[in-house]
Participant: 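Have a look at this one before I ask anything.
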Amino acid sequence: MATPNSHGNGPAVTAASKALARLDLDGHDLPPSPAPSSPHAGRRRYALATELVYTETKDQYGSSSIPIYQSATFKQTSSSGGNEYDYTRSGNPTRTHLERHLAKIMNATRALAVGSGMGALDVITRLLRPGDEVITGDDLYGGTNRLLTYLKNNQGVVVHHVDTTNVDRVREVLSNKTAMVLLETPTNPLIKIVDIPAIARVSHEINSKALVIVDNTMLSPMLCNPLDLGADVVYESGTKYLSGHHDIMAGVIAVNDPELGDKMYFTINATGCGLSPNDSFLLMRGVKTLAIRMEKQQTNAQRIAEFLESHGFKVRYPGLKSHPQYDLHWSIARGAGAVLSFETGDVAVSERIVEAARLWGISVSFGCVNSLISMPCRMSHASIDAKTRQERQMPEDIIRLCVGIEDVDDLIDDLSRALIQAGAVALTLDGFHANDADVDGAVSSA
Ligand code: PLP
C-alpha cells in the first residue's frame, strides 16, 4: 500500500496515516458482485445502499445493466450439452444475475426468483407433507390465508392460526409435528409486530427440524434481514418495494441452507414458475433504487402518521412512539416502513374518505412510488370471511395507507380534504379533529 507523503511527524500526518491504513488502496479486498456465495463468508461489504446499485456482469460488451436474454433455449457445444444454460425454465442468465444480486442484499447464500409473492409461498409450502403442521399468525395477508386454507382442506396439512405477537401462544402449539412457523411483521393491516428472534429460538429449541419462514414484504431487505434474526427461509413479494413501480409481479425466496435451496429450485424447475427474463430485468432495475425510494416513502409515512394522530385518529404505525410494540420493532428493523392504518369508527365514513381521495389511488398492494389508499376488509383481505375477520379483531372500518414518494404536503392536503368531505372530522376555529365515534377502538374528539 502507498504510504502518505510526509515531511514531518505531526499529529495531522499521524491521523492521515491511520485513516489511510483502513483503506484497501489496491482494491484486493473488494467484494465481488453479484456475490457468488454468502456475504457472511468474511468478505468486506459495502453499505446496503451501495450494494443495491453495485453490480458486475461478464457481458461481452460491458453493458452496464444486465441484458434481457429473451430466449427459451440455448445452443449446446456437444450432443451431451456442455453449456451453463439450456432451457429458460431451468435457468436463464438474466434471472441468475438477479438471483445473485438478491442473495447479496438479503444476506443469503441463495436466492430464487419466481413469478409472484404467492408463487414464492407455493414453492415453499411444497416442502410440506400430509400430516405436517404449520403455525402462523391471525393477521395474515389474505392470499397467504387462502393458500394455507387450501392446503388444510386438500393436502392434509394442519394449520394453527395463533397470535404470533405472543411467543407463548406459539410455544403452546409447537410440537415435533411442526414443519413450519410462518411469520409476517409488521402484520397487515393491524401493524402488529412479531418477535422473530424469540420465535425462531423457541421453535428450534422445541423442534430443530421446524422451518421458520418470514414474509418480509412489508419491510424489504432495506429495513430487515430475517435470516440474520434466526429465520430459515425469507420470502417477499417482489411486486412491492423490491420493484417499486407496480409494473411487474414477482416473488423472491432466500435461504442459507444449500439443501433447502436445492429442494426449492427443484420445484421451480419442475413446475416452471421461475421469473421471466423480462421481469427479472425489471426487478433488477427496481432493486437498484430501493434505498432512495424507501427512505422517502417512510419519511412521508412518518409525517402522515403524526398528522393523523395529532387530529385524534387511532393510528397504527411502528414509527409512532404510541405503538405498543415500538421498542420490539426497532430491535429487529432499521426503519418503520411506509404502510400505516387508521380507524374512523364508522365503515361508511371510511368508505367516503377512500372515495374522496384523489392523489391516493384506491388500490390493493403497497410498496409502489405512488400513494395508495384502501379498505383491507373490502379489498386485500376480503378473501378472509367476515366471521374470521371478527374473531381476529380486524376493524371493518380500518383504512390502510401505503405511502409513496410524492410531495408530503400534497398528500396531507389531499387527505385533509377527503377527511372533511367524508365528514370524518369536525371543523373548529383551531383546525379540525376526528369526530366522536361509538365503536370499540375508535377515537373521540381531541
Ligand atoms: N405477502 C404480503 C405481505 C403481501 O401483501 C402480498 C401481496 O399483497 C403477498 C405476500 C403476495 O404477493 P404477490 O401479490 O406478489 O403474489
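Counting starts at 1 for both ligands and their atoms, following the listed order. In this chain, residues are counted from 1 in sequence order.
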Participant: When you measure from the side chain of H311 to the backbone of H433, do you find a donor-acceptor pair of N or O atoms at a distance under 3.5 Å?
Facilitator: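 Between the backbone of H433 and the side chain of H311 there is no qualifying donor-acceptor contact (under 3.5 Å).
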Participant: Which class fits the ring pair Y46 and Y54: parallel under 30°, tilted 30 to 60°, perpendicular over 60°?
Facilitator: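 Y46 and Y54: perpendicular rings.
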Participant: Going by heavy atoms, is F366 under 4.0 Å from ligand 1?
Facilitator: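 Yes, F366 has a heavy atom closer than 4.0 Å to ligand 1.
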Participant: Taking heavy atoms and a distance under 4.0 Å, where does E236 meet ligand 1: side chain, backbone, both or neither?
Facilitator: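 Neither part.
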Participant: Any salt bridge linking E391 with K387? Criterion: basic side-chain nitrogen under 4.0 Å from a carboxylate oxygen.
Facilitator: yes
Participant: May I ask you to identify, for A250, whether its side chain, its backbone, both or neither come under 4.0 Å of ligand 1 on a heavy-atom basis?
Facilitator: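 Near ligand 1, A250 shows its backbone, while the atoms from C-beta on stay back.
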Participant: What I want to know is whether E184 and ligand 1 share at least one N or O pair that is separated by under 3.5 angstrom.
Facilitator: no
Participant: Does a side-chain N-to-carboxylate-O contact under 4.0 Å join R417 and D413?
Facilitator: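 So R417 does not pair with D413 through a salt bridge.
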Participant: Tell me if a side-chain donor or acceptor on N216 pairs with a main-chain N or O of E236 at a distance below 3.5 Å.
Facilitator: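 Answer holds: no.
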Participant: With a 6.0 Å cut-off on the ring centroids, do Y87 and F74 count as close?
Facilitator: no
Participant: Would you call D262 and R110 a salt bridge, taking side-chain N to carboxylate O under 4.0 Å as the test?
Facilitator: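 Judged by the 4.0 Å cut-off on N to carboxylate O distance, D262 and R110 do form a salt bridge.
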Participant: To the nearest 0.1 Å, how far is atom 4 (C) of ligand 1 from its closest protein heavy atom, and which atom is that?
Facilitator: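 For atom 4 (C) of ligand 1, the nearest protein heavy atom comes out as Y141 CG, 3.6 Å.
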Participant: I want to know if ligand 1 touches M118 in the polar sense, i.e. an N/O pair below 3.5 angstrom.
Facilitator: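 Yes; at least one N/O pair falls below 3.5 Å.
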Participant: Please check whether K240 reaches ligand 1 - meaning an N/O of the residue sits under 3.5 Å from an N/O of the ligand, judged on distance alone.
Facilitator: yes
Participant: Give a yes or no answer on whether the side chain of D138 reaches the backbone of H161 with a donor-acceptor pair at less than 3.5 Å.
Facilitator: no
Participant: Below 3.5 Å, N or O to N or O, backbone or side chain included: is there any such pair between T239 and ligand 1?
Facilitator: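 The answer is yes, given that T239 and ligand 1 share an N or O pair closer than 3.5 Å.
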Participant: For atom 3 (C) of ligand 1, what is the closest protein heavy atom, and at what distance to 0.1 Å?
Facilitator: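 Here the nearest protein heavy atom works out to D215 OD2, 3.4 Å.
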Participant: Answer yes or no: does an N/O atom from G117 fall short of 3.5 Å to an N/O atom of ligand 1?
Facilitator: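 It does: an N or O of G117 is found under 3.5 Å from an N or O of ligand 1.
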Participant: Are any of the heavy atoms in M249 under 4.0 Å away from ligand 1?
Facilitator: yes
